[in-house]
Protein chains: 2
Amino acid sequence: MKKHPTIYDIAKKADTSTATVSRVLSNSDYPVRSELREKIKKVAKEVNYIPNMIGRQLKTNNSMTIGVIIPSITNPFYSSIVLGIEDIARSRGYHVFLCNSHRSPQLEEEYLKTLFEKQVKGLIVSSISPDKNLLGALVQKDLNIVAFDQTIEGLNSSQIHFDYRKGGYMATEYLIKKGHRKIALISSPLTRPSRISVYKGYLNALENYNIEIDKSLIQIASREYEEFERSYEFRNGIELTRNLLKCSELPTAVFVCNDMTAFGVMNELNKQGINVPEQISVMGFDNIEFSEMITPPLTTVQQPDYEMGKLACNLLLDQLDGKIVENVDIMLQPRIVNRSSVLDLESSLLKN
Amino acid sequence: MKKHPTIYDIAKKADTSTATVSRVLSNSDYPVRSELREKIKKVAKEVNYIPNMIGRQLKTNNSMTIGVIIPSITNPFYSSIVLGIEDIARSRGYHVFLCNSHRSPQLEEEYLKTLFEKQVKGLIVSSISPDKNLLGALVQKDLNIVAFDQTIEGLNSSQIHFDYRKGGYMATEYLIKKGHRKIALISSPLTRPSRISVYKGYLNALENYNIEIDKSLIQIASREYEEFERSYEFRNGIELTRNLLKCSELPTAVFVCNDMTAFGVMNELNKQGINVPEQISVMGFDNIEFSEMITPPLTTVQQPDYEMGKLACNLLLDQLDGKIVENVDIMLQPRIVNRSSVLDLESSLLKN
DNA sequence: CACCTTTTAGTAATCGATTTCTATTTTTAA
DNA sequence: TTAAAAATAGAAATCGATTACTAAAAGGTG
């Protein structure tokens with residue numbers, strides 16, 4: 001275990017005090033004779049000095065560090081968000097502790113606790129825990145929190161919402177306007193507010209256009225996500241599609257609650273020899289990076305993941321820097337991304 | 001700015017000293033009367049004490065933190081690795097600083113410096129910088145480093161290699177054994193040792209099976225990756241496929257240097273009405289999570305990303321914990337993942 | 001020139017823990 | 001019964017920085 005030079009070593013070598021060394025090396029505007037200033041810098045460079053931020057942190061009580069808690073970094077939606085967060089954090093001098101909760105409330109709580117111990121100044125969280133007490137307690141303790149992805153009722157923090165209901169509505173309306181009437185829904189379990197909202201949007205749109213709701217066309221996963229399970233959404237899509245195809249009358253379109261699941265749907269349809277979009281149209285939700293890469297490229301609802309990450313981080317750091325005092329609630333709007341997985345029944349009818 | 005209770009507050013309340021409080025609360029095996037021990041614990045719970053790790057770190061010089069530097073977390077190969085790293089780190093009590101270098105040597109250097117300032121105990125790095133001096137200097141300064149993905153010549157650290165040459169060889173050989181003779185290669189620029197190795201593997205296999213090398217079938221990107229650019233590989237695949245298709249005679253198979261690029265290749269082939277694998281077979285490299293999700297599912301070479309992350313982290317922490325003293329070099333072996341994007345010319349010939 | 005202000009730099013306290021000493025008290029062994 | 005060993009706990013030093021305070025020197029003003 002080697003010992004690194006400290007400001008004490010530099011002070012000794014430059015024949016001055018630690019106070020002055022600190023002033024010079026931490027770019028304080030406290031006046032120091034330029035001659036001495038240069039001498040200290042020279043010595044610092046000579047001994048290859050690298051400041052120990054732990055020492056500084058203890059005194060200044062500013063770790064310049066934030067924590068990010070997400071379900072899993074391998075989900076491209078979250079990895080884009082994390083990239084956005086990290087890009088902003090770096091540009092503003094902050095570092096990021098990354099935490100994958102694997103959708104486990106226990107893990108999430110453990111992380112919350114250790115992040116707090118490590119003196120993070122702020123938190124960006126996609127919370128899964130039904131128990132908001134811990135998160136609330138942290139807010140009490142003067143920890144700035146920005147919640148995203150999942151709305152947390154009654155939490156005194158800034159939140160970034162996405163209009164999931166509207167997204168679900170727009171997606172369904174889009175299919176309706178393309179002439180579809182038999183529109184199936186494939187969804188992950190309705191265990192989260194966001195998913196329930198998407199589902200509601202689907203129902204609202206059907207109602208609004210006077211289309212009868214056919215329960216046999218609605219496939220919602222019952223199997224819960226297992227911690228540490230990978231490719232859950234994809235397999236879900238496959239499974240639910242199989243179920244759906246068992247119903248006698250095929251739908252002309254399927255609205256899938258997220259793109260990863262939509263990949264599973266398309267995979268299974270393809271396996272069963274059903275063409276997308278000729279026989280069944282597929283509409284996704286999220287617009288992850290891969291959605292444009294598959295064949296056919298997926299028509300979907302855009303959730304601005306990378307931008308959301310940047311927004312969340314800027315918001316948090318603005319609060320930390322005191323630029324914003326009040327909590328902020330931001331509602332992001334969905335946008336349809338038009339690609340090739342949805343067939344326009346109207347125009348294809350005209351051709352015939 | 002609220003002030004949190006410290007061991008000093010607890011000592012006062014429990015009518016004892018900070019030394020004893022510290023002994024009790026940090027689970028030291030220093031003997032403390034069980035009566036007093038309980039009293040301290042009770043008081044700590046009462047005031048809702050949460051230890052300040054910065055204070056501990058300063059004294060013990062152990063941050064229980066490691067840094068991870070990768071090009072970009074949105075690349076599924078790296079996100080899987082990071083997940084593996086983080087899962088192990090957490091289970092062993094460590095936290096992870098995540099850093100996206102965006103393949104910028106400047107950013108990488110900046111991160112290296114700030115991570116060191118933040119007193120990380122170890123580093124897991126996929127280095128991009130051609131200048132190994134800084135990394136080397138950090139090794140000098142008693143920082144444990146595990147390098148992966150990119151071999152770093154002459155760096156005194158543990159390294160996790162992947163046998164890229166063999167992977168390239170196996171992929172090409174696989175295509176040859178399926179009866180292919182006109183095998184194209186599509187690759188990102190040969191600016192990294194790993195890519196050069198894959199390329200060599202391709203050439204070696206052709207030579208070994210006495211197949212003449214046709215330069216018109218070899219498409220290597222000239223355009224460099226731009227920092228912060230997204231979906232680079234995908235677009236590269238599209239572009240290079242267009243170039244390839246300009247050569248008069250179509251190949252029967254394409255070997256693509258990574259799966260993301262292969263997605264671009266398949267996308268462009270599809271757009272041009274060329275069926276995969278009936279008209280052209282596509283072989284990938286990496287086996288990212290999405291490779292099984294596209295149509296047709298991609299036959300590819302497995303790089304064990306998640307396992308690699310776990311391995312790298314366990315290796316690093318074993319070194320930090322003193323379980324391993326010597327540097328370790330691990331060479332991971334490629335494995336062919338057989339899916340549906342490659343046609344067996346032999347057996348399909350038999351059918352005709 | 002005397003007084004006040006500004007500049008400059010060092011001393012020492014401080015942040016919140018851990019840990020080395022030192023000093024009791026209790027237990028064990030002879 | 002007494003000396004040595006073990007158990008117990010507090011005082012104070014320490015980790016590496018920052019910063020409040022103090023103080024000397026330099027500069028300005030009437």
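Letters A, B, ... are given to chains in the order of the sequence lines, protein chains preceding strands, and every chain is numbered from 1.
Of all nucleotides listed (D:dA7, D:dA13, D:dT18), D:dT18 comes nearest to the side chain of A:K59. Among the nucleotides C:dT8, C:dT19, C:dG16, the one closest to any side-chain atom of A:Y30 is C:dT8. Considering only side-chain atoms of A:L58, the nucleotide from C:dG16, D:dA17, C:dG10 that sits closest is C:dG16.
Atom C1' of nucleotide D:dA25 and atom CG of A:L36 are separated by 15 Å, given to the nearest angstrom.
At D:dG10, one or more side-chain N or O atoms of B:S17 fall inside 4.0 Å of OP1 or OP2 (strictly under the cut-off). When the side-chain nitrogen and oxygen atoms of B:Y49 are compared with OP1 and OP2 of C:dA17, one or more of them lie within a distance under 4.0 Å. For C:dT19, the OP1/OP2 oxygens have no side-chain nitrogen or oxygen of B:T60 closer than 4.0 Å. A close approach under 4.0 Å does not occur between any side-chain nitrogen or oxygen of B:R56 and OP1 or OP2 of C:dG16. When the side-chain nitrogen and oxygen atoms of B:S22 are compared with OP1 and OP2 of C:dT18, one or more of them lie within a distance under 4.0 Å. For A:T20 and C:dG10, the shortest distance from a side-chain N or O to OP1 or OP2 is below 4.0 Å. Phosphate proximity of C:dA9 to A:R33: present, with a side-chain N or O under 4.0 Å from OP1 or OP2.
Annotation: side chain of B:L316 is not in contact with side chain of B:L123 (no heavy-atom distance under 4.5 Å). Between B:S80 and A:R230, some side-chain heavy-atom pair lies under the 4.5 Å cut-off.
A centroid separation of less than 6.0 Å is found between the aromatic rings of A:F116 and B:H4.
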Original post:
Please walk me through it: do B:R56 and B:N62 pass side chain to side chain donor-acceptor pair (under 3.5 Å)?
Top reply: CA-CA 8 Å; B:R56 169 184 297 187; B:N62 186 358; over 6 Å; no

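Ring geometry for A:F97 versus B:F97: interplanar angle under 30°, hence parallel rather than tilted (30 to 60°).
Two residues, B:I54 and B:A19, neighbour DNA chain C, and the one matched to the more 5' nucleotide by heavy-atom proximity is B:I54. Between A:P5 and A:R23, the residue whose closest nucleotide on DNA chain D is further toward the 5' end is A:P5.
Across all strands, B:S28 comes closer than 4.0 Å to no nucleic acid atom at all (heavy-atom distances).
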